[in-house]
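Note sheet for the following structure.
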Protein chains: 2
Amino acid sequence: MTIRLLLADDQALVRGALAALLSLEQDLDVVAEVGSGADVLDAVREHRPDVALLDIEMPGLDGIEATRAVVAAGLGTRVLVVTTFGRPGYLRRALQAGASGFVVKDVPATQLADAVRRVHAGLRVVDPTLAADSLVSGDSPLTERETDVLRAARDGASVAVVAERLHLSQGTVRNHLSAAIGKTGGDNRAAAVRVAEANGWL
Amino acid sequence: MTIRLLLADDQALVRGALAALLSLEQDLDVVAEVGSGADVLDAVREHRPDVALLDIEMPGLDGIEATRAVVAAGLGTRVLVVTTFGRPGYLRRALQAGASGFVVKDVPATQLADAVRRVHAGLRVVDPTLAADSLVSGDSPLTERETDVLRAARDGASVAVVAERLHLSQGTVRNHLSAAIGKTGGDNRAAAVRVAEANGWL
DNA sequence: CGCGAGCCCTGACATCTGTCACGGCGAGGT
DNA sequence: ACCTCGCCGTGACAGATGTCAGGGCTCGCG
């Protein structure tokens, strides 16, 4: 009995290459490929794959949201998240969204098929090096408002612009920013943005 | 007669997948795979491939430097650069380094083999959508010092730290930063960093 | 109810940042 | 030799930023 697969990755070349790689395995069958998170759910409904391989970095609906949607659909499709960046926050958020496995694109090619088989068997597959990091970095320490403000200031917007965009006073924006800077251990907003992005807190 | 290929990509999974994809073609033969830019030159010397597929984003020696080294070796190996990010600056720098072709990982999988064949035939292969962008964005308008300073300030370092690191006065650092901000069209250093990175000027 | 914890919001103050006008230096043209 | 132009370096100044102390609000708990 073959395992039916859905592939989602916005980079056509990578998607096709993964399809070629997985098709070499006798017991795996790629039944659908999509290039955006928004198309995942429809494809799952139509093809009923056993396992969905989702990339996190996709425009529009990202892999995390797509995972949530697939799991919520309740069709028995298990999700294996595949990502370029081994950020601790991604792992945590993917598992919270209901993913059954999480692998980084750094793993040897031969291990991907194994990961698929394990996920299909109901096991959890987690990159071991990431698991440790994820525990120490834990949940985001930022409050909702702090996250909003930091996100708005991400690409260099001034306090005035952020305040305008979020309908706050400038003092409030500065205060949230200050809190975020303190919590991330940086010296200024740019450093705070780097840390928060690296941990998947934005 | 088959075309002999070298694959370089730091992500083992992507590398293996590309190998599987290209091996499906009758006239292509993957003779070597490496996971870092530093290993490229040795592998080229040992296996004498016709075409080398190099990813730009690699730790240590990046794809641009590796291209330069392969071309300088003068063994007749042509370079096809494959990258995740379609930044105009990358294309320009890759071609300046002597690459024969440049494709983004967004292209359909079937086109990669064609690109390889064209490069092997001595043609230039350039993603057409990028070519236009590259011309308008052109060379970096930043002077050497401005680039240094902006690079040092990239992850949120304060003026004092940058000045220390580059052995300059704080006033000078501020001035270079100011010039970079003006040239990039931003309002502050964070915006300048974004723009410069997006154009491959750093 | 009374209380404390946590979050959001604000204004005042010291510090940092970006701008500006200016001088020195080397390369290339006249 | 002279001039010009572009890049590097510098200090003074206004404006933006980060810190701090503090008030109002909701929510859960004794």
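The chains referred to below are lettered A, B, ... by the order of the sequence lines, with proteins before strands, and numbering in each begins at 1.
With sequence neighbours excluded, no residue satisfies side-chain hydrogen bond (donor to acceptor under 3.5 Å, both in side chains) with Asp10(A). Evaluation of the side-chain contact (heavy atoms from CB on, under 4.5 Å) rule for Glu65(A) yields Leu61(A), Asp62(A), Arg68(A) as partners, not counting sequence neighbours. Listed by chain and number, the residues in a side-chain contact (heavy atoms from CB on, under 4.5 Å) with Thr147(B) are Leu142(B), Arg151(B), Leu202(B) (sequence neighbours excluded). Scored by the side-chain contact (heavy atoms from CB on, under 4.5 Å) test, Leu28(B) finds Ile3(B), Leu5(B), Leu22(B), Glu25(B), Ala113(B), Val116(B) as partners (sequence neighbours excluded). Residues meeting the side-chain contact (heavy atoms from CB on, under 4.5 Å) test with Ala72(A), sequence neighbours left out: none.
Computed from coordinates, the His176(A) NE2 to dT10(C) P distance equals 9 Å when rounded to whole Å. Note: CG (Leu150(B)) to C1' (dG18(C)) measures 14 Å, nearest angstrom. Residue Leu177(A) contributes atom CG, which lies 17 Å from atom P of dC7(C) at whole-angstrom precision. Rounded to whole Å, atom C1' of dT10(C) lies 16 Å from atom CG of Leu166(A).
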Checklist entry - For every nucleotide of nucleotides 11-16 of chain C, 5' to 3': is a protein heavy atom under 4.0 Å from its base (B), only from its sugar-phosphate (S), or from neither (-)? => result B-----

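Each salt bridge (Lys or Arg N to Asp or Glu O under 4.0 Å) pair with one or both residues in residues 159-176 of chain B, not counting sequence neighbours, would appear here, but there are none. The salt bridge (Lys or Arg N to Asp or Glu O under 4.0 Å) pairs that include a residue from residues 180-192 of chain A are Glu146(A)-Lys183(A), where partners are two or more places apart or lie in different chains.
For the 3.5 Å distance criterion, the side chains of Ser36(A) and Asp39(A) qualify, holding a donor opposite an acceptor.
Heavy-atom nearest nucleotides on DNA chain D were determined for His167(B) and for Asn188(B), and the one closer to the 5' end corresponds to His167(B).
Where DNA chain D meets chain A (any atom under 4.0 Å from a heavy atom), the bounding nucleotides read 5' to 3' are dT17(D) to dA21(D).
Using a 4.0 Å heavy-atom cutoff across all strands shown, Ser178(B) reaches at least one base atom of the nucleic acid.
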